[in-house]
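Each remark here refers to the structure printed beneath this line.
Just so we're clear, the structure is a prediction, and the values are computed from it rather than from any experiment. Labels below follow one simple rule: chain letters A, B, ... track the order of the sequence lines, proteins then strands, and each chain is numbered from 1.
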Amino acid sequence: MSNTTPATDIFAAFRSHLEAEQELREEIRVVVRELEQTAREIQTELQAVHQQNGIKNISVLCEKSYSMFDVVREQLTKLSQKIPLNQYYRFHDHWRFVIQRLSFLAAFLKFLQSEQLISREDTANLLGVKVDKNDGFQLDLEDYLMGLLTLSNELARLAVNSVTAGDCFLPVKIAKFVGELDSGFRLLNLKNDSLRKRFDGLKYDLKKVEEIVYDLTIRGLKPKDGATGDIN
Amino acid sequence: MSDKQSKNEMTGRGGECDFKRKRNNDRPVDTSSPVIQAFQLFQDELDLKHNKHERLVKMSRDITIESKRIIFLLHRIVGAEDPASILDQALEKLKIVQQTKFHPVAMELQNEDPYQFIRAYTAGVQEYIEALSFYYYLKEKRLITLEEVQRDLFFNGPLVEQDDCKQMKSDTAEVKGDNSMSILITPVDFMLGLADLTGELMRLSINSAGAGDLDVPFSVCDFLKTIQTGFMTFGNLCKEVSKKMYTLKQSLQKVETACYTLQIRGSEVPKHMLADILSTATMSGPSHFAEDSLVDI
């Protein structure tokens with residue numbers, strides 16, 4: 001059929017391919033930018049937890065941020081509709097970062113609500129994406145894991161601030177949580193990639209929270225089982 | 001523990017690995033914890049992915065090696081007694097690469113998003129396109145199309161007995177119900193392969209001139225010009241392309257100089273001396289291609 005295809009046609013076909021791709025990438029960029037904005041808003045909301053009165057009102061904060069994920073789901077659905085079947089990874093770089101941040105926020109929210117590790121399924125559900133790539137726009141495992149590593153960093157900070165706010169209970173829970181996360185990550189055979197680099201930072205987070213627990217313990221501030229954990 | 005850690009920091013990466021292994025042994029993981037259970041699943045999934053990636057990198061390397069051999073074979077067509085037999089040999093080798101090298105790649109990629117692993121095998125694909133398009137040029141004096149490349153990389157059914165669980169999975173997937181599979185050649189890879197082709201064409205042109213063929217250099221020169229014009233119709237794609245464009249420009253310049261020399265002095269110089277003249281004429285170029293490409297003549 002193409003026995004007579006002249007070279008100029010081959011290049012013309014390539015050019016139109018490039019143009020179509022450019023256009024699609026531009027559309028993706030627009031949606032991703034909106035998504036980034038939403039992620040920033042949720043993050044700002046959750047940042048209040050580091051403040052004195054924020055820690056006391058965790059449930060209010062959580063409710064509010066939880067409802068903000070409605071927008072995330074809407075925007076991610078919009079994004080997923082733009083991606084042709086089996087081409088997720090062709091454009092992955094566009095949304096990789098924002099998905100990582102969103103899964104961090106989901107994990108943070110879950111921790112604040114229940115002090116538990118969010119599962120991959122729950123993260124996907126909260127974001128309105130799928131776990132299995134055969135079901136549609138998915139949550140890449142490495143992006144989810146990256147979100148968890150960001151969480152450990154954030155929790156180390158929260159441990160410091162919760163002590164300042166007079167809560168000695170939370171740091172102990174955080175230490176247990178981060179410790180467990182650390183043993184989990186140790187099971188993974190990571191390649192020399194960004195996830196690995198990020199994982200290398202996990203031990204510092206762990207060290208930080210363990211030191212806080214140590215400080216509390218030697219001063220006799222570490223709550224006994226069943227205690228309320230208030231300094232006063 | 002923090003003591004141990006800081007010691008480890010100083011010993012650097014190698015030490016870190018030892019350290020981790022030790023730690024894992026020291027403190028057996030609590031397999032009943034849901035977190036650990038989840039991470040064990042993640043471990044399996046990541047390992048599967050990384051292994052697949054590694055396998056593809058290896059296959060890609062094999063494809064590169066084989067393709068390079070085919071290109072060398074095709075270069076021997078210059079001055080060959082029986083050019084047709086060389087083309088036949090090359091075609092046979094290309095078929096072997098398709099059946100024994102690309103088919104396993106296609107099987108690895110079945111039911112995967114091809115873009116997820118594309119970086120693992122793109123090098124092999126480009127080299128293969130270079131070999132295939134060189135073959136097409138020598139045989140039909142024209143540029144191969146992407147459809148023609150793609151056509152050879154369409155496979156039906158598994159190569160050997162393959163595990164059935166993979167097949168079962170594909171039934172639930174919405175992809176193709178049958179056993180057919182193919183390797184996706186992205187237009188960008190195709191273009192990068194063609195950019196590499198120009199280097200071979202340059203070598204072909206100079207070698208032919210050296211061997212006393214006065215037609216090939218001119219037709220190659222025209223062909224190269226068409227390709228270069230084609231590449232100029234779109235802007236800078238990526239670093240890789242602009243690097244190749246620079247090489248293409250140099251190649252074209254060498255061929256143009258050679259053609260110029262042939263035109264102006266070809267009639268006055270005996271054929272067996274052309275090689276020497278060309279080597280000096282093109283030496284002024286920024287590269288040393290003249291020596292190494294003429295050595296084997």
List, one per line, each side-chain donor-acceptor pair under 3.5 Å for residues 119-127 of chain B, sequence neighbours excluded.
residue : atom : partner : partner atom : Å
B:T122  : OG1  : B:Q126  : NE2          : 3.2
B:T122  : OG1  : B:D189  : OD1          : 2.8
B:T122  : OG1  : B:D189  : OD2          : 3.3
B:Q126  : OE1  : B:K244  : NZ           : 3.2
B:Q126  : NE2  : B:D189  : OD1          : 3.4
B:E127  : OE2  : B:K68   : NZ           : 3.3

Minimum heavy-atom distance between A:G184 and B:I36, given as atom pair plus value: N-CD1, 3.8 Å

B:F218, CZ: over 12 other non-hydrogen atoms inside 6.0 angstrom: yes

Residue pair B:E45 / A:E142, side-chain heavy-atom distance below 4.5 Å: no

Structural part of B:I227 lying under 4.5 Å from a heavy atom of chain A: both

Part of A:I10 within contact of chain B (heavy atom distance under 4.5 Å): both

Per-residue contact mode, B:F117 against chain A (heavy atom under 4.5 angstrom): neither

Test item: A:N86 and B:Y115 side chains (from C-beta on) under 4.5 Å apart, heavy atoms: no

Pairwise side-chain contact, A:L145 with B:L46, heavy-atom cut-off 4.5 Å (strictly under): yes

Choice from B:D47, B:T226, B:I144 maximising heavy atom contacts with chain A below 4.5 Å: B:D47

Aromatic centroids of A:Y144 and B:F42 separated by under 6.0 Å: yes

Interatomic spacing from CD in B:E112 to OH in A:Y89 - rounded to 0.5 Å: 9.0 Å

Approximate separation, where rounding is to 0.5 Å, of A:D9 CG and B:T145 OG1: 10.5 Å

Top contributor to chain A interface from B:L194, B:L143, B:T229, B:L41 [non-hydrogen pairs under 4.5 Å]: B:L143

Point-to-point distance, once rounded to the nearest 0.5 Å, from OG1 of B:T186 to NE2 of A:H17: 7.0 Å

Crowding at NZ, A:K173 (>12 non-hydrogen neighbours, <6.0 Å): yes

Residues of residues 121-131 of chain A within contact distance of chain B, non-hydrogen under 4.5 Å: none

Heavy-atom check, side chain of B:V188 versus side chain of A:F14, under 4.5 Å: yes

Aromatic ring proximity, centroids under 6.0 angstrom, B:F231 and A:F11: yes

Any side-chain heavy-atom pair of B:Q43 and A:N189 under 4.5 Å: yes

Check: A:R90 and B:Q116 side chains under 4.5 Å, non-hydrogen atoms: no

Interface moiety of A:L148 toward chain B, non-hydrogen atoms closer than 4.5 Å: side chain

More than 12 heavy atoms from other groups under 6.0 Å of NZ on B:K58: no

Inter-residue atom distance A:K133.NZ - B:N111.CG, 0.5 Å rounding: 8.0 Å

